[in-house]
Amino acid sequence: MSVAGGVTPSVLETLEFAAALERVAAHAAGPLGAARVRARTPSADPDAVRGALAQVAELAARLLADDAIRAEPVPDIGPALDLLAVPGSALEGPALTEIGRALAAARIVATELARLAPAAPRTAALRVDPPRREIEKRLGESLDSEGEVLDSASRALARARQAVRETRERLVKQLEAMLGSLDPAERAPDAAVTVRGGRYVIPVRSTARSRVGGIVHDESATRSTVFVEPPEAIELGNALRAAQSAEQRELLRVLRELTDLLRPHRSAIAAAWDMCIAFDDLCARARYAVLINGFTPAIGTGPVAIRGGRHPLLLGSAVDVVPFDLVLAPDEYTVLVSGPNTGGKTVLIKAVGLICLMAQSGIVPPVGPQSVLPVLDSVFADIGDRQSIAASLSTFSAHVAALRDILEHAGERSLVLVDEIGSGTDPAEGGALAAAVLKALTRRRALTLATTHLGALKKLATETVGIVNASLQFDAETLTPTYRLLKGVPGRSYGLAIARRLGLAPDVLEVAGRAVPDSERELDRLLAVVEAQAREVEARERELTERELVLRDDAAKIAARADAVAAREREVQARARTLERGAREQARAYLLEARRKVEEALGRARAAVDEATAREARRLVEQAIEETEGEGKQESPQGQGWMSLDELRRLRRSPDSPLPAPPSLASPPALAHSRAPSPAQAAAARASSEVSLIGLRRDEAEAALLKALDDAVVADLPYLRIVHGKGTGALRQLAHAVLSADIRVQRFGFAPAAQGGHGVTIAELKG
């Protein structure tokens, strides 16, 4: 049970809160981060809960975009930090090495948090500045990875160790020489220089002890061998001891020096270390949120609304988890869940409890978008077997004791979870007791979820404001649970139906059916009708949803096609404008060439024609050039078309004039001459800048277009105008298909609106 103002360990155990935390802790990078997750407890401060969840949601969003975000594991330097607080203390080498590792990790984490600051300011708020890099560098130069002090830690230590090595080497050589000088009968088998009691000795037989002399430091188990330090080696052994003592003094001095180096920075080291653990904890919670596809619930902003809720311990298992929706109105406080066994009622209420506790512990629970959770001061759970032999309590007695504790402490900000309320005694008395308890909790506005099999309680929701029925859907045909929560509808027991399916004798079932009260049978019949209607509505909703999805998909496709058509139209219009500008520039070039030719002809023809006629010809040519140049610099809103042959014929003289006519837009300029035309000139004479396909069959139109293309290419025409009309679009499609496949066509597009628009296609030919 729980007490006011918190959640007791027994409630956390009942709801398996530790197991849920373990699922989250599994995503931590190091053991300290995992331990920080396991130590999380629910908070009753709404602002603190909102802040913690917002921080997790922020980092989870970054993880979706950048999965490379990682926390750094750190060693446990807590004991070393405690020792640093003791003046005059000295840390051992391994402890100093672990602090060095922690500082290196803190520097990486601080850099990562600084990188995340623009996109994740809540996460970056964890960042603290680690101690200066020189401290970390000094530790690295003085200690190896195992915590052994290196010779480079100080010159005095290096000299002391060198003295130890040299003295030991002289001592060992001396002892080996003495051992070699002994008679084989005096030496122990496989004799070699060894160490006993910190002194270097040689093994000799006990019988030769007096002849060797010296100090005996040890003997074998059989006492046949003694380990002797000869008199000649005692002085050198003492020198070795002195050198080793000097080494230890310098080693201790180095450790004290390193410790004193760290001591002023103890607080900064502790903060940096805690930053690493906190970031690991946050990363674990964020990765869990991404894994379960959890959405951050709103905290304490309205009635409870759990959408797409799932039991945290069922996720990732072989069980097919069915999400549930539990949405309460502002005046609904108690949910009475009924229905057959194995329907998942107990799992449901435990899931609600776990979801609330996880959210208040700063963990995004497995809920869908637009979920709203309360901020609870206390949680009560009366779930499972309550029988206690040690306390001499029956199941019902334990149940009543639990209800008593709940009624003594539950209030407006409490969550009450009661499994099989009113069970364990006579159904009539149990139902009456359960009804009274539920009414009392409802008056206190405590959020209550209770499961029951008692038919009498199913009517309670219709009689009491604030109490609502609910059930977990059961397939009446297969007699299997679907685990879908239905609010507002009590569940049927299906007891007789299940017994029938399990093969209970029909005559027994018939007697049992007659014994069921008429009111219960009538209620069961009504519930069956409601369930059937609910299934029908659900099926219709699914059908409508599927249709809506299809319509949305079709609308999206239509919109995409419309965008594509619009883009194509813009492209064609732009292409047409480009072609139009090119045509005008070409026309202007032709006219300029024509003026040059006219000037030459005027010089030759001045004797044959009067001056007024020549001036008139020049004026007409220059006027056409100016008009063409002006059109090339300015486009009308509707887009002007190409200059036609008729427009260019303004420019011709009378038939009796000796001046040649200026060339049309569709043919290169040329002066009239009397020589016989060449084959190319003959093709140019046959070529036309326009071909009409209107009224032709498909094969006729294709042949006509190909011939026009051949003639235009041979005549070196820059453009070909194809008139296909609008109609059904068949001729247009044919023309575009032919133009697309012809490598002699550089590009093509519709003519401007003033010259036919989509009924005419202009093809630009390669030069």
Asker: Within the distance-only criterion (no hydrogens, no angle test), does the side chain of Lys487 pair as donor or acceptor with the backbone N or O of Val468 below 3.5 angstrom?
Answerer: no
Asker: What verdict does the side chain to side chain contact (heavy atoms under 4.5 Å, CB included) test give for Val745 and Leu765, after you've listed the backbone C-alpha separation in whole Å, the side-chain angles of each residue and the deciding distance to 0.1 Å?
Answerer: CA-CA 5 Å; Val745 177; Leu765 305 178; 4.2 Å; yes
Asker: With a 6.0 Å cut-off on the ring centroids, do Phe324 and His311 count as close?
Answerer: no
Asker: Parallel, tilted or perpendicular: which fits the ring planes of His724 and Phe750, with parallel below 30° and perpendicular above 60°?
Answerer: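 Perpendicular, since the angle between the ring planes exceeds 60°.
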Asker: First locate atom CZ of Arg732, then atom CG of Leu693, and finally report the distance between them rounded to the nearest 0.5 Å.
Answerer: 12.5 Å
Asker: Could you measure the distance from the CD1 atom of Ile694 to the CD1 atom of Ile722? Nearest 0.5 Å is fine.
Answerer: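 Rounded to the nearest 0.5 Å, the CD1-CD1 separation comes out at 12.5 Å.
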Asker: Closer than 3.5 angstrom, by distance alone: can the side chain of Glu764 be matched with the main-chain N or O of Arg747 as a donor-acceptor pair?
Answerer: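 No; judged by distance alone, with no hydrogens or angles, the pair does not exist.
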Asker: Check each of Asn293, Ile292, Ile355, Val372 against Val367 using the side chain to side chain contact (heavy atoms under 4.5 Å, CB included) test, and report the only one that passes.
Answerer: Ile355
Asker: Is the side chain of Arg285 donor-acceptor paired with the backbone N or O of Gly362 at a distance under 3.5 Å, no angle test?
Answerer: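 At least one qualifying donor-acceptor pair exists.
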Asker: Is there a donor-acceptor contact under 3.5 Å from the side chain of Arg62 to the main chain of Ala119?
Answerer: no
Asker: Carefully, step by step, assess Leu709 and Val738 under the rule side chain to side chain contact (heavy atoms under 4.5 Å, CB included).
Answerer: CA-CA 10 Å; Leu709 282 171; Val738 172; 4.3 Å; yes
Asker: Do Asp553 and Lys557 have side chains that get closer than 4.5 Å, going by heavy atoms?
Answerer: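 When only atoms from C-beta onward are counted, Lys557 and Asp553 do touch, with a gap below 4.5 Å.
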Asker: Tell me the closest heavy-atom pair linking Ala470 and Leu485, and the distance in Å.
Answerer: CB-CD1, 4.0 Å
Asker: Nearest heavy-atom pair of Arg127 and Ala110: which atoms, and what distance?
Answerer: NE-O, 3.0 Å
Asker: Within the 4.5 Å heavy-atom criterion, are Val304 and Pro374 side-chain neighbours or not?
Answerer: yes
Asker: Regarding Arg698 and Glu702, does a basic nitrogen lie under 4.0 Å from an acidic carboxylate oxygen?
Answerer: no
Asker: Taking all non-hydrogen atoms of both residues into account, name the closest pair between Thr296 and Ala57 and its distance.
Answerer: OG1-CB, 3.1 Å
Asker: How far apart are the closest heavy atoms of Pro365 and Pro297, and which atoms are they?
Answerer: CD-CD, 4.0 Å
Asker: Using a 3.5 Å distance criterion without hydrogens, assess whether the side chain of Glu72 forms a donor-acceptor pair with backbone atoms of Cys276.
Answerer: no
Asker: Using a 3.5 Å distance criterion without hydrogens, assess whether the side chain of Asp281 forms a donor-acceptor pair with backbone atoms of Gly33.
Answerer: no
Asker: Between Arg50 and Asp47, is there a salt bridge with N-O shorter than 4.0 Å?
Answerer: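 Between Arg50 and Asp47 there is a salt bridge, with a charged N closer than 4.0 Å to a carboxylate O.
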Asker: Which pair of non-hydrogen atoms, one from Met275 and one from Val128, has the smallest distance, and what is that distance?
Answerer: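 Nearest heavy atoms, Met275 then Val128: SD-N, 3.3 Å.
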Asker: Heavy-atom count around Arg115 CZ within 6.0 Å, excluding the residue itself: above 12?
Answerer: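 Yes, CZ of Arg115 has more than 12 neighbouring heavy atoms, counting only those of other groups under 6.0 Å.
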Asker: Quick one: pull up CD in Glu700 and CG in Leu705 and give me the separation to the nearest 0.5 Å.
Answerer: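 So the CD of Glu700 and the CG of Leu705 are separated by 13.5 Å.
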Asker: Evaluate side chain to side chain contact (heavy atoms under 4.5 Å, CB included) for Val375 paired with Ile299, printing each intermediate quantity in order.
Answerer: CA-CA 7 Å; Val375 178; Ile299 299 298; 3.1 Å; yes
Asker: Please report the interatomic distance CG(Leu282) to CZ(Arg287), rounded to the nearest 0.5 Å.
Answerer: 11.0 Å
Asker: If I compare all heavy atoms of Val327 with all of Ile306, which pair ends up nearest, and what's the gap?
Answerer: CG2-O, 4.4 Å
Asker: Are Met358 and Pro312 packed together at the side-chain level, in the sense that at least one heavy-atom pair is separated by less than 4.5 angstrom?
Answerer: yes
Asker: Just by modelled atom types, is the Pro323 backbone N or O under 3.5 Å from a matching donor or acceptor in the Arg310 side chain?
Answerer: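 Not a single qualifying donor-acceptor pair exists.
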Asker: Has Asp280 got a side-chain atom pairing as donor or acceptor with Ala71's backbone, closer than 3.5 angstrom?
Answerer: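 Side chain of Asp280 to backbone of Ala71, a donor-acceptor pair under 3.5 Å: no, none is there.
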Asker: Using 0.5 Å steps for rounding, measure from the CD1 atom of Ile762 to the CG atom of Leu739.
Answerer: 11.5 Å
Asker: State, with a plain yes or no, whether a side-chain heavy atom of Ile363 is found less than 4.5 Å away from one of Val56.
Answerer: no
Asker: When you compare the side chain of Lys766 with that of Gln746, does any pair of heavy atoms fall below 4.5 Å?
Answerer: yes
Asker: Between Arg40 and Val24, does the side chain to side chain contact (heavy atoms under 4.5 Å, CB included) criterion hold? Intermediate values first, please.
Answerer: CA-CA 11 Å; Arg40 301 194 73 84; Val24 185; over 6 Å; no
Asker: Has the side chain of Gln755 got a donor or acceptor atom that lies under 3.5 Å from a matching backbone atom of Pro752?
Answerer: no
Asker: How many angstroms lie between CZ in Phe748 and CG in Asp742, if you round to the nearest 0.5 Å?
Answerer: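 Here the rounded value is 10.5 Å.
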